[in-house]
Amino acid sequence: MNAAARFHPNLPARHRRARWGLVLFQSATLFGIVVLMALLYNIVNGAFGLAAVRYRIYPGDLGLDLTTITALPPEQLRGLLAAYLSPGQLRTLEREKPLDQRSADELARLVVERVLRPKVLDTWPLVPSLLHTREIVAEVQQKYPDAEVRWMAWFNQRFLSRPQSSDPIRAGVRTAILGSLWLVGIAALTALPLGVAAAIYLEEYARRDRWFNRLIQTNINNLAGVPSIIYGILGLAIFVRALEPVTSGALFGAVPEGVTANGRTVLSGGLTLGLLVLPIVIINAQEAIRAVPASLREAAYALGATKWQVIWHHVLPNALAGIMTGTILALSRALGETAPLVVVGASTFITFDPTSPFSKFTALPIQIYQWTARPQPVFRNLAAAASIALLVMLFVLNGTAVYIRYRARRSQRW
Amino acid sequence: MDEPVSSVAQRLRRRPRRVEAVIQAVLFASGLLSILVTIGIVYELAKGAWGFFTHPLWEDTNKALAADVAPEDTLLPVTEAGRDIPPGAVVQIEDEIMQVVAVPDPTHLQVQRGLRGTRATAHRAGLDLFLESRVSLVEFFTHTRWVPQTGDFGILPLVNATLMVSLIAMLVALPLGLAMAIYLSEYASPRMAQVLKPVLEILAGVPTVVYGYFALTFVTPLLRRLLGADVVEIYNMASAGIVVGILVTPLVASMSEDALRAVPNSLREAAYALGATKLETALQVVVPAAFSGLAAAFIVAVSRAIGETMIVALAAGAGPNFTFNPFKAAETMTGHIVRISGGDLSYDSIDYNSIFAIGLVLFVMTLGLNLLSQRIVARFREEYR
């Protein structure tokens with residue numbers, strides 16, 4: 001019997017319980033890490049792997065190798081097109097852009113798309129592809145005797161640089177990435193100035209004992225908790241419908257006849273996201289402004305500066321890093337938002353890049369949503385690849401915020 | 001250089017600063033914008049909901065014209081079968097809308113022809129009469145079917161699915177988030193916390209659509225393998241709920257941690273001095289002392305779970321279904337709004353207006369929870385000032 005047990009008979013049991021408590025809390029925390037790992041594993045697992053591909057004409061039959069096809073001389077590629085396409089098809093192609101003027105890349109793509117015509121029949125995730133390669137090959141040979149098993153990296157450079165396509169092999173996310181950048185840019189341009197202005201008012205000007213100032217503050221806190229889809233409904237009603245002449249660009253004559261997006265433009269989407277992140281920007285900016293010590297303000301006042309001079313020359317420069325960090329974090333929320341964009345009317349299928357605020361648009365999260373919701377499993381692979389692209393963008397954005405915070409801490413003057 | 005004192009005083013006198021006044025006005029306007037946003041949300045939701053509740057629905061009465069009708073006829077011969085049409089009711093035959101003035105006998109209707117901009121035209125015998133009705137508030141809040149095609153608009157299946165998903169989410173997030181918060185605030189060394197906090201931040205920063213992909217392609221297959229594919233449907237509330245729970249866990253954890261850290265150390269020291277173990281101190285002293293803060297965290301998390309959209313849109317199923325079985329597919333309020341607005345709907349259809357009515361219910365629910373949580377936090381702050 002140890003000393004503790006002699007001191008009190010309950011003690012060993014209580015200590016045992018305390019140890020179990022710690023184990024419980026630790027495992028809960030560990031579980032969080034496991035979930036994060038599972039999430040990342042699941043995405044990587046989907047973005048790479050084997051695929052059963054059927055070609056109308058196999059590259060091997062033509063003595064071609066897909067990896068070196070772009071290195072072939074253009075004459076040979078033109079010859080292949082001439083040999084395998086009907087005269088009508090060739091004429092159509094010539095009309096779009098004469099074959100002589102097309103680059104080797106374009107010709108190679110035409111050969112693959114029009115002559116070889118690959119079609120994905122089935123796909124396997126990364127881990128089974130690695131562990132059961134032989135079984136998969138056997139299964140493909142049995143189920144699709146005319147198909148070829150190929151390694152596919154769904155997330156690759158061409159995936160990032162190609163526009164959307166209904167053919168999973170050719171589909172890419174360039175349009176979606178550009179759409180996301182436009183959206184976040186517009187959201188930043190609206191939310192940053194408005195948010196900082198509101199934060200300055202609330203922190204530097206507003207008297208707390210006035211009821212409307214308290215109302216504004218409570219209201220901002222509540223807006224931060226409104227579900228994002230409600231902002232989508234607001235954006236639909238105000239930007240898409242009520243302000244259609246503005247957001248469609250018709251008012252400015254910026255849109256050529258016949259291609260108007262009816263207010264379902266990247267501008268409407270960006271403004272909606274701007275409103276969505278506005279309360280977060282305000283709250284973060286308020287915190288940054290509040291962190292500036294009062295002694296700085298008092299020193300400036302003592303030298304005879306006016307209120308605005310104090311704010312502009314002393315408070316804002318010192319709060320800038322905090323404001324930027326908070327804003328970037330808010331924008332990373334905007335980058336990942338999907339629901340409001342669906343409601344505002346993001347296009348699900350467009351192949352051309354957004355070129356102005358009045359373009360139709362799609363965004364990375366929208367693409368992920370669309371591809372995940374498709375019944376064909378091959379689109380899940382594309383969703384995984386697009387998720388990687390989105391997570392990388394978020395990582396860069398958050399990394400910037402962390403870096404700014406770090407720089408600011410080092411050069412902090414108080 | 002000597003300047004009279006009076007002139008110096010003159011120069012130093014407080015002057016009206018117009019530019020500063022303008023700047024202050026602009027800043028105030030920016031603050032006011034947030035109020036306008038709220039007003040805009042309430043106004044648009046209410047307007048759309050009004051459109052929904054006043055939208056005419058045409059219900060088939062199974063009563064038909066008993067004989068051909070000419071454009072100028074006002075006494076319509078109708079079959080005896082079908083639902084009764086009371087005087088004053090508005091009926092539709094083909095494209096023409098007419099009002100019933102009187103019902104002289106069960107097989108005749110006295111009507112006023114060509115109402116609401118429609119033209120009185122000839123109709124042939126055998127055409128069905130459609131009776132105008134509207135969605136009533138009672139039907140909206142008490143009926144358990146949501147089938148727009150048949151004019152059934154009871155929000156309960158959607159609310160039920162939302163609450164089921166939120167309940168499952170909280171069953172995951174509450175114990176997990178609370179345990180993490182206790183670990184971080186009571187046990188973890190500062191260095192450990194420095195490692196763990198970014199993990200939580202990353203979990204909180206993953207876009208919800210990626211969580212939706214995770215739910216559909218990882219959690220659902222896992223559930224189906226564990227519990228059997230015949231029990232768990234491909235789209236089900238359990239999978240969506242679990243992942244929503246994972247999504248709100250970081251929120252619960254960080255808000256709870258703040259609440260636990262706000263408990264003064266003197267309380268912990270007093271407990272240790274009485275011989276309490278660390279677990280006893282945490283569970284019997286610190287957690288009760290932080291209770292209102294924890295409650296606030298919990299309520300905010302429920303509100304987040306109710307408003308969460310993409311996870312349920314992808315994993316919970318696309319069709320209203322009144323069921324308490326978590327392994328069945330059922331559409332939530334948010335999932336329904338996304339599905340309806342993602343389709344091509346004309347702006348004056350009742351389906352389109354229904355998203356505003358659902359949105360209003362959603363807004364009121366989340367706003368109520370958020371206000372409640374803020375009130376609790378405000379009271380909590382006073383406790384340990």
Side-chain angles (χ1 to χ4, degrees), chain A residues 14-15 17-18 21-22 24-26 28-29 31-33 35-36 38-39 42 46 194 197-198 200-202 205 215-216 219-223 225-230 233-234 236-238 241 275 278-279 306-308 332 336 338-339 342-343 365 368-369 372-373 380 383 387 390-391 394 398, chain B residues 17 20 23-24 26-28 30-35 37-38 40-41 44-45 48 176 179-180 182-183 187 196 199-200 202-203 205-210 212-214 216-218 246 249 277-280 300 303 307 309-310 314 334 337-338 341-342 355-356 359 362-363 366-367 370-371 374:
Chain A
R14 285 172 59 201
H15 282 168
R17 241 176 289 147
L22 175 60
L24 203 73
F25 299 142
Q26 272 175 334
T29 314
F31 183 76
I33 298 174
V35 168
L36 186 58
L39 191 81
N42 187 46
L194 287 173
I200 294 173
Y201 172 73
L202 286 169
Y205 288 94
L215 179 70
I216 291 176
N219 181 56
I220 287 167
N221 293 344
N222 279 322
L223 278 181
V226 170
S228 59
I229 194 161
I230 300 284
I233 294 179
L234 179 73
L236 175 67
I238 293 192
R241 294 187 59 189
L275 287 189
L278 184 62
T306 65
K307 187 155 194 148
W308 179 246
S332 71
T338 321
V342 176
V343 179
I368 298 172
Y369 171 52
T372 309
R380 302 270 164 87
S387 297
L390 181 58
L391 290 179
L394 281 172
N398 284 315
Chain B
R17 302 182 194 281
E20 299 245 335
I23 289 172
Q24 185 173 352
V26 169
L27 297 177
F28 177 68
S30 307
L32 213 57
L33 180 73
S34 70
I35 305 260
V37 171
T38 306
I41 289 176
E44 290 297 345
L45 288 177
L176 214 56
M180 283 181 186
I182 293 176
Y183 181 71
Y187 288 88
L196 290 174
V199 173
L200 283 180
I202 296 175
L203 270 179
V206 172
T208 58
V209 69
V210 176
Y213 173 82
F214 178 66
L216 193 61
T217 60
F218 188 88
I246 291 169
T249 294
T277 62
K278 207 153 191 184
L279 179 73
E280 286 160 351
V300 168
S303 149
T309 308
M310 292 326 288
L314 281 170
T334 51
I337 296 175
V338 159
S341 56
I355 69 172
F356 290 88
L362 184 69
F363 179 72
T366 53
L367 183 70
N370 288 338
L371 286 175
Q374 275 171 28

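This one's a predicted model, so the numbers in the text were calculated from it and none came from an experiment. Each chain gets a letter, A, B and so on, in the order its sequence line appears, and its residues count up from 1.
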Given a strict heavy-atom distance threshold of 4.5 Å, which part of [X] is in contact with chain A: side chain, backbone, both, or neither?
| X | answer |
| --- | --- |
| Ile41(B) | both |
| Leu176(B) | both |
| Ile35(B) | both |
| Leu371(B) | both |
| Thr334(B) | both |
| Thr217(B) | both |
| Tyr187(B) | side chain |
| Ser34(B) | both |

What is the minimum heavy-atom distance between [X] and [Y], and which atoms define it?
| X | Y | result |
| --- | --- | --- |
| Ala18(A) | Leu279(B) | CA-CB, 3.7 Å |
| Gly32(A) | Leu203(B) | O-CD1, 3.6 Å |
| Ser332(A) | Leu394(A) | O-CD2, 3.3 Å |
| Val209(B) | Pro365(A) | CG2-O, 3.7 Å |
| Ala179(B) | Ala28(A) | CB-CB, 3.4 Å |
| Leu314(B) | Leu216(B) | O-CD1, 3.7 Å |

Segment of [X] engaging chain B (4.5 angstrom heavy-atom cut-off):
| X | value |
| --- | --- |
| Ile33(A) | both |
| Asn221(A) | both |
| Leu39(A) | both |
| Ile216(A) | both |
| Tyr205(A) | side chain |
| Leu275(A) | side chain |
| Thr338(A) | both |

Using a 4.5 angstrom heavy-atom cutoff, name the option from [options] with the most pairs to chain A.
| options | answer |
| --- | --- |
| Ile202(B), Val199(B), Thr38(B) | Thr38(B) |
| Val338(B), Val26(B), Leu45(B), Thr249(B) | Val338(B) |
| Thr277(B), Leu32(B), Leu33(B) | Thr277(B) |
| Leu362(B), Ile355(B), Leu200(B), Val300(B) | Leu362(B) |

Derivation and outcome, side chain to side chain contact (heavy atoms under 4.5 Å, CB included), residues Phe218(B) and Val35(A): CA-CA 11 Å; Phe218(B) 188 88; Val35(A) 168; over 6 Å; no

Within-4.5 Å side-chain heavy-atom neighbours: Ile230(A) and Thr366(B): no

Ile233(A) side chain near Glu44(B) side chain, heavy-atom distance below 4.5 Å: no

For Phe28(B), all residues meeting ring pair (Phe, Tyr, Trp, His ring centres under 6.0 Å), sequence neighbours excluded: Tyr201(A), Phe212(A)

Distance in Å, Ile220(A) CD1 paired with Leu215(A) CG, rounded so as to fall on 0.5 Å steps: 9.5 Å

Thr208(B) side chain to Val206(B) backbone, donor-acceptor under 3.5 Å: no

